[in-house]
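Some notes on the structure that comes next.
Every number for a ligand or one of its atoms is a count from 1 in the order of the listing. Position 1 is the first residue of the sequence, and the numbers go up from there.
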Amino acid sequence: MRAVVCTKLGPMGEGVVVTEREALEPLPGQVVVDVRAAGANYVDGLMCQGRYQIKFATPYTPGGEIAGDVSALGEEVSGLRVGDRVMALCGFGAFADQVAVQAESLTLIPDGIGYGQAAAFVQSYCTAWFAMTRRTSVSPGEQVLVLGAGGGIGLASVDAAVALGASVIAAASSEEKLAAAEAVGASAAIAYETEDLKVRAREISGGGVDLVVDPVGGRHSEAALRALKPFGRLCVIGFTSGEIASVPLNQVLLSNRSVVGVDWGAWAFRDPAGNRKLLDELVEMLSAGRLHPVVPAERPLEDAVDVMEGLLARAVTGKIVLVP
Ligand SMILES: NC(=O)c1ccc[n+]([C@@H]2O[C@H](COP(=O)([O-])OP(=O)(O)OC[C@H]3O[C@@H](n4cnc5c(N)ncnc54)[C@H](OP(=O)(O)O)[C@@H]3O)[C@@H](O)[C@H]2O)c1
């Protein structure tokens, strides 16, 4: 089988190659999945560069989430059959023809959902759902401002907020990204590199938004914080701008605002049962047609470096999956 391998952490492209590997055999409790699509995420590029808080020992295969077909069952595995369509968060190893994962980490893909949509679903939607249902809440009629709205977390947050009955203002850097956010349900758009984010968000919302979802950081965080109405919440999710924002705490005190940290990955690792419940809620909504994950662009395994570079360079709208 083929696998993308990161041979050393550092500048993208220098240590990442596609190699031939032995076919996988499942250990007890494991399942081998033939990968039909592997979700590419911003964090995959950070990991290969050694810039993420988790650093894998090299060589390792990047890629944290897959969708595919069960091809072999290890001993002690029950409730799954060869040929089942499944998706999973595997942490690493996804950019390959096959992965071996613990059986309990697999979820059946609902009918009508493609491998690409499934492979790009778990990380983005779990993060958005964890933020909006576990770290804070969203009530019907509330107004949610989503930064980086045309990216993975952004689009999932727009979709999830709409599913919770909120109206969503999308903020992004390009017309293409704003159009993508509007296509999943955002009702207003702010081009935050050319428009004043705070002023426009207050104008559109009629005085201030209830919630900000912020996977971007940098200068937009303070503008978004100042766009919150009394008792508003700002969810800190990531720092793709490259800058961890410092915000004046008087802006939190005034109007009784809250800044809410969101670390879904660490929580999911510490509380697998809690995360299972979170994912089950999402899959139920997906099956019922209440969530609408975008159909991602498909690229071959050989393009892994190019895809990760594109994500790090802000050049991607929506989601991309690698298809072995
Ligand atoms: N806290 C958690 O539990 C958790 C879980 C998963 C992921 N994350 C983090 O969430 C962040 C977003 O992930 P994602 O999958 O949504 O990434 P993504 O698909 O690449 O989208 C990120 C967005 O950030 C914006 N951005 C602004 N400045 C940027 C820059 N200098 N370089 C790149 N992007 C820039 C871009 O939108 P515009 O061009 O419109 O500005 C881009 O679309 C990452 O930092 C990731 O590590 C956090």
Side-chain angles (χ1 to χ4, degrees), residues 12 38-49 51-54 62-65 89 91 119-136 145-160 169-182 184 186 189-195 197 213-221 223-224 234-245 259-271 274-275 278-279 293-294 296-297 307-321:
M12 190 64 71
N41 289 298
Y42 185 90
V43 71
D44 300 321
L46 285 184
M47 285 177 174
C48 283
Q49 291 183 327
R51 290 168 54 211
Y52 192 63
Q53 58 257 38
I54 299 169
E65 52 185 346
L89 191 81
F121 183 76
V122 178
Q123 178 180 298
S124 297
Y125 275 81
C126 280
T127 303
W129 199 243
F130 177 66
M132 287 186 230
T133 66
R134 303 310 200 261
R135 297 296 292 120
T136 183
L145 171 63
V146 178
L147 310 189
I153 300 285
L155 289 168
S157 299
V158 173
D159 196 16
I169 303 168
S173 65
S174 71
E175 290 303 320
E176 187 189 6
K177 288 178 178 176
L178 290 170
E182 288 176 313
V184 290
I190 302 173
Y192 58 14
E193 296 304 337
T194 53
E195 296 183 275
L197 178 61
V213 176
D214 181 7
V216 173
R219 69 187 177 90
H220 297 314
S221 297
L234 182 146
C235 286
V236 180
I237 293 194
F239 310 101
T240 51
S241 65
E243 193 190 326
I244 297 174
V259 175
V260 181
V262 177
D263 190 351
W264 163 71
W267 171 79
F269 183 74
R270 278 198 303 270
D271 186 357
N275 190 53
L278 185 89
L279 185 55
V294 292
V307 167
M308 289 190 281
E309 276 178 338
L311 286 162
L312 293 175
R314 201 180 187 176
V316 175
T317 297
K319 298 290 297 187
I320 299 181
V321 292

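Close contacts between ligand 1 and Ala172 involve ligand atoms 40 (O) [criterion: under 4.0 Å to a heavy atom]. Taking every non-hydrogen atom of Pro215 and a distance limit under 4.0 Å, the qualifying atoms of ligand 1 come out as 11 (C), 12 (C). Taking a cut-off of under 4.0 Å to the non-hydrogen atoms of Leu312, the atoms of ligand 1 that pass are 32 (N), 33 (C). Close approach of ligand 1 to Asp263 (heavy-atom distance below 4.0 Å) involves ligand atoms 3 (O). The distance from ligand 1 to the heavy atoms of Gly151 drops below 4.0 Å at these ligand atoms: 19 (O), 21 (O), 43 (O).
Considering backbone and side-chain N/O of Tyr52, none are found under 3.5 Å from N/O of ligand 1. For Tyr192, a nitrogen or oxygen atom sits less than 3.5 Å from a nitrogen or oxygen atom of ligand 1, counting backbone and side chain alike. Between Thr127 and ligand 1, a contact under 3.5 Å exists for no N or O pair. Here's the thing with Gly318: none of its N/O atoms is less than 3.5 angstrom from an N/O atom of ligand 1.
Looking only at protein heavy atoms, the nearest one to atom 42 (C) of ligand 1 is Lys177 NZ, 4.1 Å. Looking only at protein heavy atoms, the nearest one to atom 2 (C) of ligand 1 is Val262 O, 3.6 Å. The shortest contact between atom 3 (O) of ligand 1 and any protein heavy atom is with Trp264 N, 2.8 Å. Counting protein heavy atoms only, atom 46 (C) of ligand 1 is closest to Tyr42 CD2, 4.3 Å. Considering only non-hydrogen protein atoms, atom 18 (P) of ligand 1 sits nearest to Gly152 N, 3.9 Å.
Tyr42 has its side chain out of reach of Ile153: every pair of non-hydrogen atoms, C-beta onward, lies at least 4.5 Å apart. Residues Asn41 and Lys319 are in side-chain contact: their nearest non-hydrogen atoms beyond the backbone lie under 4.5 Å apart. Using a 4.5 Å heavy-atom threshold, the side chains of Leu147 and Pro215 count as touching. Counting heavy atoms from C-beta on, the side chains of Asp214 and Val236 never come closer than 4.5 Å. With a 4.5 Å cut-off on side-chain heavy atoms, Trp264 and Gln123 count as touching. For the pair Leu145/Leu197, a side-chain contact is recorded, criterion being any heavy-atom separation below 4.5 Å from C-beta on. By the 4.5 Å heavy-atom criterion applied to side chains, His220 and Ser241 are not counted as neighbours. Looking only at side-chain heavy atoms (C-beta outward), Trp267 and Leu278 come within less than 4.5 Å of each other.
Contact analysis leaves Trp267 out of contact with ligand 1, as no non-hydrogen atom separation drops below 4.0 angstrom. Distances from ligand 1 to the non-hydrogen atoms of Leu147 include no value under 4.0 Å. By the 4.0 Å heavy-atom criterion, Ser241 is counted among the residues contacting ligand 1.
At a 4.0 Å heavy-atom cut-off, ligand 1 touches Phe239 through the backbone alone. At a heavy-atom distance under 4.0 Å, only side-chain atoms of Gln123, from C-beta outward, approach ligand 1.
Evaluated by nearest non-hydrogen atom to atom 26 (N) of ligand 1, the leading choice among Thr317, Val236, Val43, Thr240 is Thr240. Counting only non-hydrogen atoms, the option in Ala171, Ser173, Gly148 that gets closest to atom 40 (O) of ligand 1 is Ser173. In the candidate list Val316, Val216, Ile237, Ile153, Ile153 is nearest to atom 15 (O) of ligand 1, counting heavy atoms.
When every heavy atom of Val262 is checked against every heavy atom of Cys235, the shortest pair comes out as CG2-CB, 3.9 Å.
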Set out, in order, the CA-CA distance, both residues' side-chain angles and the distance that settles salt bridge (Lys or Arg N to Asp or Glu O under 4.0 Å) for Glu193 and Lys177, then state yes or no. CA-CA 12 Å; Glu193 296 304 337; Lys177 288 178 178 176; over 6 Å; no

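Heavy atoms of other residues, nucleotides or ligands lying less than 6.0 angstrom from CD of Glu175 number 12 at most.
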